[in-house]
Amino acid sequence: MTSSFPPVEEQLRVITRGIEKVVPQDELRKKLQHSRDTGTPLRVKYGIDPTGIDVHLGHTVPLRKIRQFQELGHQAVIIIGNYTALVGDPSGRDEARSRRLTADEVEHNARDYLAQVGKVVDMSRAEVHRNGDWFGRMSFADVLGLCGRVTVAQLLTREDFARRYREERAIFLHECLYPVMQAWDSVEIRADVELGGTEQLYSFMLARDLQAQQGLSQQIAVMSPILVGLDGVRRMGKSLGNYIGISEPAYEMMKKFMQLPDGVMRMYFELLTELPMDEVDRLLAGHLKEAKVALATNVISQYHSAEAAVAACQRWQAEIGGEALPSDIPDVALDASLLTSGTLSAVRLLTALGLCTSNSEARRLIEGGGARTGPEKSPITTHDQQVSVSDGLLVWAGRKKYCRVRIG
RNA sequence: GGGGGAAUACCUAAGCGGCCAAAAGGGCCAGACUGUAAAUCUGGUGGCUUAUGCCUUCACAGGUUCGAAUCCUGUUUCCCCCA
């Protein structure tokens with residue numbers, strides 16, 4: 001049992017890959033050494049608020065790190081913040097969360113979330129806790145006691161609170177409790193390591209204080225950088241619409257990968273794959289498109305079969321890289337009564353097919369040169385052009401929207 | 001409880017009586033160029049059976065005006081400060 005852990009240096013190499021910051025730096029080695037000496041797995045905490053999450057690659061960064069800890073023999077501890085979800089994480093937010101979730105919603109989200117997490121983490125070996133288990137039992141006196149350990153000045157060292165305070169924007173009292181609650185979770189589950197983004201530093205350090213006050217061993221913060229989204233600038237997030245979800249079909253993922261800005265590839269390789277970094281650098285020194293294909297197939301294989309990833313890649317090469325028509329052209333029914341002697345004005349055709357939401361939009365599309373018909377994509381030149389419509393006609397509204405007409 | 005400020009299209013944000021369907025960025029859409037990358041350039045970004053035309057928009061409801069996003073009244077929401 002004692003020897004079941006890999007050597008400390010080896011563990012460190014795995015753990016620190018793609019990690020922006022470990023605080024305190026040197027304690028991690030000590031903890032690992034101690035763990036190995038005594039044959040005791042480290043308790044690795046990762047908390048998330050079940051606020052209705054469609055898990056995307058950004059979330060998988062810490063999740064993958066948990067997985068790596070598991071593979072090194074450590075204990076994953078996942079905290080479902082069903083109580084903290086009622087507060088809303090103020091991190092990085094300029095405004096308080098506008099709407100509170102109900103308990104039912106939270107529980108539903110939690111289950112949904114855990115199912116998705118299972119694609120990355122080995123759930124059969126992970127502990128799962130809901131922080132309502134302990135917060136729900138606290139009395140108001142307990143809460144006061146907890147609050148008595150934290151000062152407002154400490155809270156204001158958080159950049160987000162400090163900024164809001166400076167800018168005279170609202171900071172709600174319950175938001176102030178958020179980091180305290182998160183920190184308390186670490187006390188409850190006796191965390192040795194906590195994973196998360198760098199924006200969580202404050203809460204992580206607070207957890208150390210609370211642990212020390214309770215006479216517990218203090219946790220180490222292992223913080224990942226924030227994964228940028230498809231735009232290559234802002235963090236990957238659902239609300240920004242710049243994400244790749246892990247439940248998406250392989251081909252959808254492929255398309256999104258290939259649209260990534262080149263500059264983010266190194267980060268993606270580092271955070272989302274196990275490929276050795278010298279190998280990555282070799283790839284990036286070559287043709288960048290090939291590197292991107294390698295990246296995409298690697299990641300897609302993690303959520304679909306390797307065959308599916310390759311197939312998605314080939315399909316992309318054929319349909320988008322090459323000249324082949326898309327293989328997923330949807331059929332759209334067109335009422336025959338709309339036609340006059342087999343023709344229909346271009347504007348009306350586009351709206352009738354649902355490719356444009358209004359005649360004005362269709363008109364603009366045509367004037368912009370984006371409306372085309374047929375496999376050869378011959379352009380429609382004027383908005384009042386009469387298009388002769390036959391069954392099976394291909395209609396294009398730009399390169400990404402298209403359909404095949406079914407006269408019915 | 002008192003005082004101050006704000007609400008404009010997807011977002012930020014101009015406009016403060018006619019020239020406003022409403023400046024400017026951003027975003028987004030389309031086109032060119034490409035590796036459906038980035039960068040760049042161009043056009044577009046309320047609706048209308050096809051329009052130097054009409055209709056609906058500037059928190060909501062009224063009002064003043066020949067004419068209002070712009071002025072007045074009330075309502076709602078939000079923010080800040082003092083207590």
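Proteins come first, then strands; the chains are lettered A, B, ... in the order of their sequence lines, and each starts at number 1. Since the model is a prediction, treat every value here as computed from it, not as a measurement.
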A:Gln259 CD - B:C28 C1' separation (whole Å): 14 Å
Any A:Tyr268 side-chain heavy atom under 4.5 Å of A:Val280 side chain: no
A:Met265 vs A:Lys401, nearer the 5' end of RNA chain B by closest nucleotide: A:Lys401
Dot-bracket line, read 5' to 3' along RNA chain B, where crossing pairs take [ ] and | marks a partner on another strand, Watson-Crick or G-U under 3.5 Å: ((((((((.[[[..)..(.....]]]((((((.......))))))(((....)))...[[[[[..)....]]]]]))))))).
For atom CD of A:Gln385 and atom P of B:U50, their distance in whole Å: 19 Å
Whole angstrom value for the distance that separates P of B:C48 from CZ of A:Arg364: 9 Å
Any A:Ser345 side-chain nitrogen or oxygen under 4.0 Å from OP1 or OP2 of B:U49: no
Separation of B:A21 P from A:Glu361 CD (nearest whole Å): 23 Å
With A:Asp142 via salt bridge (Lys or Arg N to Asp or Glu O under 4.0 Å) - residues at least two apart: none
CZ/A:Arg111: more than 12 non-hydrogen atoms of other groups inside 6.0 Å: no
By salt bridge (Lys or Arg N to Asp or Glu O under 4.0 Å) - contacts of A:Arg64 (at least two apart): A:Glu274
Sugar-phosphate, base or nothing in reach of A:Arg399, heavy atoms under 4.0 Å: base
Phosphate contact (B:C48 OP1 or OP2) by A:Ser358 side-chain N/O below 4.0 Å: yes
Spacing of A:Ile366 atom CD1 relative to B:U49 atom C1', expressed in whole Å: 13 Å
Touch class at under 4.0 angstrom, heavy-atom based, for A:Asn359 against every strand present: sugar-phosphate
A:Lys21 atom NZ, neighbour heavy-atom count above 12 within 6.0 Å: no
